[in-house]
Participant: 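Here you go, one structure.
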Amino acid sequence: MAPILYWMRRDLRLSDNPALTWVVQQGRPVIPVFCLDEVVETWGAAPKWRLGLGLDVLRGSLEDAGARLILRRGQALDVLRTLIEETGADTVVWNRLYVADERTRDTAVKEALRSDGLTARSFAGHVLFEPWTVETGSGGYYKVYTPFWKAVRDRDPGAPEPAPKEFAAPEVWPQSEALDDWDLGRAMSRGAAVVAPYARVGSAAAEGRLGHFMAHGVADYDSGRDKLAEDGTSGLSENLTLGEIGIRTCWAAGQRAMADGKPGAETFLKELVWRDFAHHLAYHTPHLTSENWRSEWDAFPWSDDNDLAEAWRRGRTGVEVVDAGMREMYVTGRMHNRARMLVASYLTKHLMTHWKVGADWFADCLIDWDPASNAMGWQWAAGSGPDASPFFRIFNPDTQAEKFDPRGTYRRRWLAEGQAKPKETADAFFEAIPESWGLTPGQGYPAPIVDLKEGRDRALAAYKQRDTGQ
DNA sequence: TCGCCCTTGAT
DNA sequence: TCAAGGGCG
């Protein structure tokens with residue numbers, strides 16, 4: 001019996017997995033393969049490093065079920081063709097993705113394999129509702145979130161499939177490259193050791209996280225998720241982006257919490273749908289990840305990369321809550337959602353720096369980096385995106401800190417300078433950063449690089465000018 | 001066509 | 001109180 005190649009990408013799990021479910025139903029040998037291909041090679045330091053951790057855990061899960069994970073490096077199509085030749089496979093399956101570079105790759109692969117006379121099948125496993133299945137009344141795609149939410153909230157994405165108990169093995173397993181040889185953490189330098197304790201890797205960890213959130217977090221999610229110093233969110237983004245947990249599994253849990261009358265459950269479901277919305281937009285407007293979504297913003301006088309942006313990246317803007325967020329990201333590979341909005345507003349408005357500079361840094365530092373959500377979020381904050389905040393909505397970091405970190409707990413957690421006994425977390429930043437930055441806690445905390453009022457006024461003036469087309 | 005509405009705000 | 005324009009039904 002000819003084996004089937006299961007090409008794994010952002011679906012590093014065995015349950016809630018339509019492609020895998022289909023393969024196992026065929027009763028034929030299955031060969032799971034992950035390819036370090038032309039798309040994955042472009043990922044930033046932290047996502048690549050985190051991918052390596054995920055692959056290691058996935059390999060163990062597959063081995064427990066009597067299968068293996070075959071790792072190969074190269075252009076996706078070349079790798080798949082080589083494996084087909086080595087194994088006699090006549091079918092390749094995968095779960096679909098929707099961001100421009102992923103789709104370009106996948107479309108080309110599908111066409112090429114089919115022209116080779118092979119079977120290539122893809123499945124819906126990465127989002128709740130695929131982008132082309134959600135239409136406005138006039139048959140277009142959605143550009144505003146709330147109508148999108150109303151269009152999908154009563155739809156059923158289907159029940160998640162259980163993990164297969166065992167796999168039919170091929171007579172001979174193809175060779176796998178060694179994960180260690182890929183050296184996926186090489187761009188992380190000292191950071192890897194610091195970030196590692198914060199990562200929750202693999203499907204079992206993800207399911208534990210979901211269970212914990214359903215038991216403790218969801219009821220108070222509405223207000224809890226806004227507090228900078230608290231752990232009020234599900235924390236699932238890290239696992240969702242690599243597919244270590246399925247989105248329908250999360251949806252089903254949210255629906256159960258709704259049925260149980262948990263107050264925050266609907267907000268949680270809405271957040272899951274925000275993730276879908278980002279993929280909806282990335283599919284229908286592929287330039288979301290690379291260009292201003294509204295082209296009229298091309299004329300806006302944003303600075304490209306600059307010294308102020310460098311201070312922002314290093315958590316040295318002199319604005320405590322902004323620096324705290326940036327350092328949280330450097331140490332943990334994640335950042336509180338509200339802090340993400342704050343630092344994005346600050347970079348694009350007070351520092352008038354292009355959102356792509358920020359999006360690129362996030363893509364390098366976040367272990368939960370998701371290409372669609374990251375681009376949508378940055379364009380939303382900058383004002384160039386769909387359903388964006390109006391230009392006059394400029395976050396005031398001081399006001400935000402007062403509201404969402406009233407006792408300064410979050411700021412003290414991440415800022416060491418000027419503190420008699422800095423928190424371990426704050427010191428950890430200085431262990432994680434490159435020595436080339438030349439930063440020590442002893443050099444004191446910087447004065448603000450831009451006066452908040454001046455920055456705000458300058459941005460408002462520029463937005464106004466853009467508006468009148470001058 | 002019209003009218004309501006629009007994640008997360010600031011002064 | 002401010003405040004823009006367009007999405008959507």
Side-chain angles (χ1 to χ4, degrees), chain A residues 134-154 220-228 230 232-234 237 263-278 280-281 284-285 288 292-297 300 319 321-322 325 335-350 355 372-406 410 451-470:
Chain A
V134 189
E135 290 185 341
T136 66
S138 55
Y141 66 94
Y142 280 97
K143 303 177 187 71
V144 178
Y145 174 74
T146 300
F148 182 83
W149 160 251
K150 288 178 179 166
V152 302
R153 64 182 170 193
D154 295 323
D220 191 38
Y221 187 57
D222 280 322
S223 62
R225 75 206 182 96
D226 255 342
K227 295 173 187 161
L228 284 164
E230 282 177 31
T233 67
S234 76
S237 54
E266 187 178 35
T267 310
F268 176 64
L269 291 173
K270 276 186 168 173
E271 293 301 321
L272 299 181
V273 168
W274 266 101
R275 177 178 171 278
D276 258 45
F277 186 52
H280 183 84
L281 290 167
H284 289 289
T285 50
L288 174 74
N292 293 321
W293 191 80
R294 299 180 196 275
S295 59
E296 58 268 33
W297 284 81
F300 190 76
V319 181
V321 74
V322 169
M335 195 196 300
H336 193 285
N337 170 255
R338 178 153 292 277
R340 293 188 203 207
M341 291 189 287
L342 267 167
V343 304
S345 171
Y346 180 81
L347 181 76
T348 57
K349 290 173 176 165
H350 291 88
W355 62 266
S373 297
N374 192 46
M376 181 188 68
W378 273 97
Q379 297 230 43
W380 178 85
S384 62
D387 210 3
S389 62
F391 73 83
F392 51 83
R393 190 173 292 163
I394 298 172
F395 284 68
N396 181 331
D398 290 341
T399 313
Q400 289 277 315
E402 255 170 61
K403 267 190 180 166
F404 302 111
D405 185 35
Y410 179 74
D451 178 82
L452 287 184
K453 185 174 185 325
E454 280 170 30
R456 177 190 162 82
D457 291 346
R458 191 178 51 160
L460 277 173
Y463 284 89
K464 210 164 192 170
Q465 198 170 45
R466 184 199 73 83
D467 230 45
T468 53
Q470 285 165 0

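Here is how names work: the chains are called A, B, and so on, in the same order as the sequence lines, proteins then strands, and each is numbered from 1. Note that the structure is predicted; figures quoted are calculated from it, not measured.
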Participant: May I ask you to verify if any side-chain N or O of A:Q400 is less than 4.0 angstrom from the OP1 or OP2 atom of B:dT8?
Facilitator: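 So the side chain of A:Q400 is outside the cut-off, no N or O lying under 4.0 Å from OP1 or OP2 of B:dT8.
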Participant: Ignoring backbone atoms, test whether A:N337 places a side-chain nitrogen or oxygen under 4.0 Å from the OP1 or OP2 oxygen of B:dT8.
Facilitator: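 For B:dT8, OP1/OP2 do not have a side-chain N/O of A:N337 under 4.0 Å.
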Participant: To the nearest Å, give me how far apart CD1 (A:I394) and P (B:dT11) are.
Facilitator: 9 Å
Participant: Contact class for A:R456 vs. all strands (heavy atom < 4.0 Å): base, sugar-phosphate, or nothing?
Facilitator: sugar-phosphate
Participant: I'd like to know if the side chain of A:N292 and the backbone of A:R294 have a donor-acceptor N/O pair within less than 3.5 Å.
Facilitator: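 Judged by distance alone, no pair lies under 3.5 Å.
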Participant: Measure from NE2 on A:H350 to P on B:dA10 and round the result to the nearest Å.
Facilitator: 9 Å
Participant: Pull out every stem in DNA chain C, meaning runs of 3 or more consecutive Watson-Crick or G-U wobble pairs with both distances under 3.5 Å.
Facilitator: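 When the pairs of DNA chain C are grouped into runs of at least three, the stems are B:2-6 with C:5-9.
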Participant: Just the atom pairs and distances: protein N or O near nucleotides 7-9 of chain C's N or O, under 3.5 Å.
Facilitator:
| from | atom 1 | to | atom 2 | distance (Å) |
| --- | --- | --- | --- | --- |
| C:dC8 | OP1 | A:K143 | N | 2.6 |
| C:dC8 | OP1 | A:V144 | N | 3.0 |
| C:dG9 | OP1 | A:Y142 | OH | 2.6 |
| C:dG9 | OP2 | A:G137 | N | 2.9 |

Participant: Side chain of A:Q379, backbone of A:W293: donor and acceptor closer than 3.5 Å?
Facilitator: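 Yes; at least one donor-acceptor contact below 3.5 Å.
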Participant: Cation over ring, A:K143 on A:Y141, under 6.0 Å and within 45°?
Facilitator: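 Pair A:K143/A:Y141 counts as cation-pi.
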Participant: How would you list, by chain and number, every residue that makes a ring-ring contact (aromatic ring centres under 6.0 Å, His included) with A:F268, sequence neighbours excluded?
Facilitator: A:F213
Participant: How long is the line joining CG of A:L460 and C1' of B:dA10, in whole Å?
Facilitator: 10 Å
Participant: Are A:R393 and B:dT8 close enough that a side-chain N or O sits under 4.0 Å from OP1 or OP2?
Facilitator: yes
Participant: Return yes if some donor-acceptor pair links the side-chain N/O of A:R225 with the main-chain N/O of A:T233 below 3.5 Å, else return no.
Facilitator: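 No: the side chain of A:R225 does not pair with the backbone of A:T233.
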